[in-house]
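The first residue of the sequence shown is numbered 1, and numbering continues consecutively from there.
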Amino acid sequence: MKQLKIFASALLALTLSVSAVSCGDDDDDPAPQQPAAPADNGGSEGGSEGGGSNGSVDIYAQKAYLEETAREFLNKVHSNDFQTLADLGKYISENYLDNDYYGDSELTDWFNAAMDLCLEPSTSNVVTKYLIQAANFLGEFEAGQYGWVKKNTGAVDHLRFTVYDGSRRKNVLTVSASKDFTKVYDESFDNVEYDRIWDYYYYQYRYNVYNTDKFTIAVPKTISVELTQDGTVLAKTDATISISPDNVTTINLQQINAKVTVDATVAGYSVNVSEASWASNGVVKTTATVSKGSEQLLSVNTTANATVVVSHKTTQTGTEIELDEDKITPNSAQVQVDILGRVKINGSASKAQNLVSLFDELYDNDRNETAFKNTLASINSIFDVKAVLVGSDNAEVRCNLIAAADEHYNYIWNGSSYERVSYDRFYPTPAVNFSDGTSYSFESFFDEATFRGVTNLAESLKSSFERLVSK
């Protein structure tokens, strides 16, 4: 029963999760706010003096450009675009997934029979082997008054569920997968069943294993999921999965190559992942776009390189087997983000494997200003992050970390009484740097006066999304 509910929940999540691409406000936009001009010296509180009044004019324009871009992006998406999916998801969850009538039914018998079809020959009477493949989980079901009813007794090449919502609209979820697949097994998939018996001779419990379920997953090379309402497509996802070698007997990141592509549409939005891949040499790549209609809202390209040390050592306590985790050490990374074609963010990191120790060192020296800033300089040398403002003469804004401080107090005994002594504790905070030499902390640059309209819009967006999922 638990396996069946997990199975059903996964199907629903597979279709509806794409709606989390982004959610915008369904209320009227707040009135635009004009950005406040910086001080004449090109800096505000938290900034550094720069290139005089010309630099101030440039920064004023760039602040206005960033605000305009943020406002335009937030206004492109609206939470009410996803209202139909949210209502349907809530109705299905309350009336089907959490309804016991829809567990003990023909669906349960079908699921158990499908699991039996997944059984494979075993050479041991205490080992049960399964090959979980989509071809064994085919059928068509409709939610009846008291349970799921199998509607098509003939052979089909898909799994389909039909439900009717509170308005008697017909909602059909169809999942199909290719017959071609890649076998993937790892001992972490195993389920061990045992009896615990008290051993009076050794005065401790011993474990009698009476069965071990070994699961091999037949990963389809293509998967398609479609959700319709009265014949209209609400969401559709097509994915391809490529894994080599064709028969994975243990998940070893030094030997596996994997690539996934996804093309999903929902409520007029589309998400295209042209590549999400892992290579055995430790190279990870992601290329994705988010669009509304024919307009691209966002694109992301990432590449990272890592060193992998694979460990297959196990620690066994009774029948509980703990696998040592593989050690993945990042070496370098590159990120490119394009927002509406207006702002292009480029970031890179070299020697990323040093970051953990450097940040540990940074916080160890949070009371030593010189040591803190020296370590911060080492961290900044690893990163190179900049934003290109395409519509503002391709102006570049670079980002780094700077030192900020909070005042703290200690009470120290001076021989006759406790004396209150102040000291600074340093912490890193992001900053923006302009070509004219001016520098601002994020807090001072993205100040409330300039970006109040964007802040209000973002808060309204968040509230509308919360209302969407809480109804």
Less than 4.5 Å apart, side chain to side chain, heavy atoms only: is that true for [X] and [Y]?
X    : Y    : result
Q336 : T303 : no
V271 : V262 : no
T250 : D186 : yes
L297 : F73  : yes
F181 : K183 : yes
N400 : R398 : no
F442 : C399 : yes
S224 : K236 : yes

- Item | Residue that, paired with L362, satisfies side-chain contact (heavy atoms from CB on, under 4.5 Å) out of T375, L401, N374 |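 Option passing the side-chain contact (heavy atoms from CB on, under 4.5 Å) with L362: T375.
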
For the residue pair [X] and [Y], what are the closest heavy atoms and their distance?
X    : Y    : result
V225 : I223 : CG2-CG2, 4.2 Å
Q254 : S280 : O-CB, 3.3 Å
I132 : F137 : CG2-CE1, 4.1 Å
D190 : F215 : OD1-N, 4.2 Å
F372 : N365 : CB-O, 3.5 Å
L131 : A218 : CD1-CB, 4.0 Å

- Task: Establish, from distance only, whether the side-chain atoms of T128 and N211 form a donor-acceptor pair under 3.5 Å.
- Result: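 Yes, side-chain donor-acceptor contact under 3.5 Å.
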
- Query: Using a distance-only test with no angle check, is there a side-chain donor-acceptor pair under 3.5 angstrom linking T307 and N331?
  - Reply: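 A donor-acceptor contact under 3.5 Å links the two side chains.
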
- Message: As a quick check of understanding, evaluate salt bridge (Lys or Arg N to Asp or Glu O under 4.0 Å) for K63 and E67, giving each step before the final call.
- Response: CA-CA 6 Å; K63 292 181 83 170; E67 183 194 23; over 6 Å; no

- Task: Would you please name every residue forming a ring-ring contact (aromatic ring centres under 6.0 Å, His included) with F141, sequence neighbours left out?
- Result: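 Partners of F141 by the ring-ring contact (aromatic ring centres under 6.0 Å, His included) criterion, ordered by chain and then number, come out as W110, F161.
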
- Before giving the answer on side-chain contact (heavy atoms from CB on, under 4.5 Å), spell out for E193 and N191 the whole-Å C-alpha distance, their side-chain angles and the decisive distance to 0.1 Å. CA-CA 7 Å; E193 298 175 297; N191 178 51; 4.0 Å; yes

- Query: Listed by chain and number, what are the salt bridge (Lys or Arg N to Asp or Glu O under 4.0 Å) partners of E361, not counting sequence neighbours?
  - Reply: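 Partners of E361 under the salt bridge (Lys or Arg N to Asp or Glu O under 4.0 Å) test: none.
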
Can you check whether [Y]'s main-chain N or O pairs, donor with acceptor, with [X]'s side chain at less than 3.5 Å?
X    : Y    : value
S178 : T222 : yes
Y185 : K214 : no
T287 : S274 : no

- Worked check of side-chain contact (heavy atoms from CB on, under 4.5 Å) between Y91 and D87: CA-CA 6 Å; Y91 186 88; D87 291 343; over 6 Å; no

How many angstroms lie between [atom1] in [X] and [atom2] in [Y], if you round to the nearest 0.5 Å?
X    : Y    : atom1 : atom2 : value
T261 : D263 : OG1   : CG    : 8.0 Å
E142 : K151 : CD    : NZ    : 4.5 Å
I339 : I345 : CD1   : CD1   : 4.5 Å
T182 : I243 : OG1   : CD1   : 5.0 Å
L358 : K351 : CG    : NZ    : 10.5 Å
L389 : K344 : CG    : NZ    : 11.5 Å

- So, are K292 and D81 salt-bridged, with charged N and O less than 4.0 Å apart?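 Yes, K292 and D81 are salt-bridged.
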
- With the threshold set at 4.0 Å, does a side-chain nitrogen-carboxylate oxygen contact exist between E275 and K285?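 The answer is no: the pair does not qualify as a salt bridge.
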
- Is the Y207 ring parallel, tilted or perpendicular to the Y194 ring (thresholds 30°, 60°)?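 Geometry flag for Y194 against Y207: perpendicular rings.
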
- Message: Apply side-chain contact (heavy atoms from CB on, under 4.5 Å) to residues T286 and V300 and explain how you reach the verdict.
- Response: CA-CA 7 Å; T286 302; V300 179; 5.6 Å; no

- Go through the steps for E295 and L340 under the test side-chain contact (heavy atoms from CB on, under 4.5 Å), then give the verdict. CA-CA 8 Å; E295 181 181 15; L340 296 175; 4.1 Å; yes

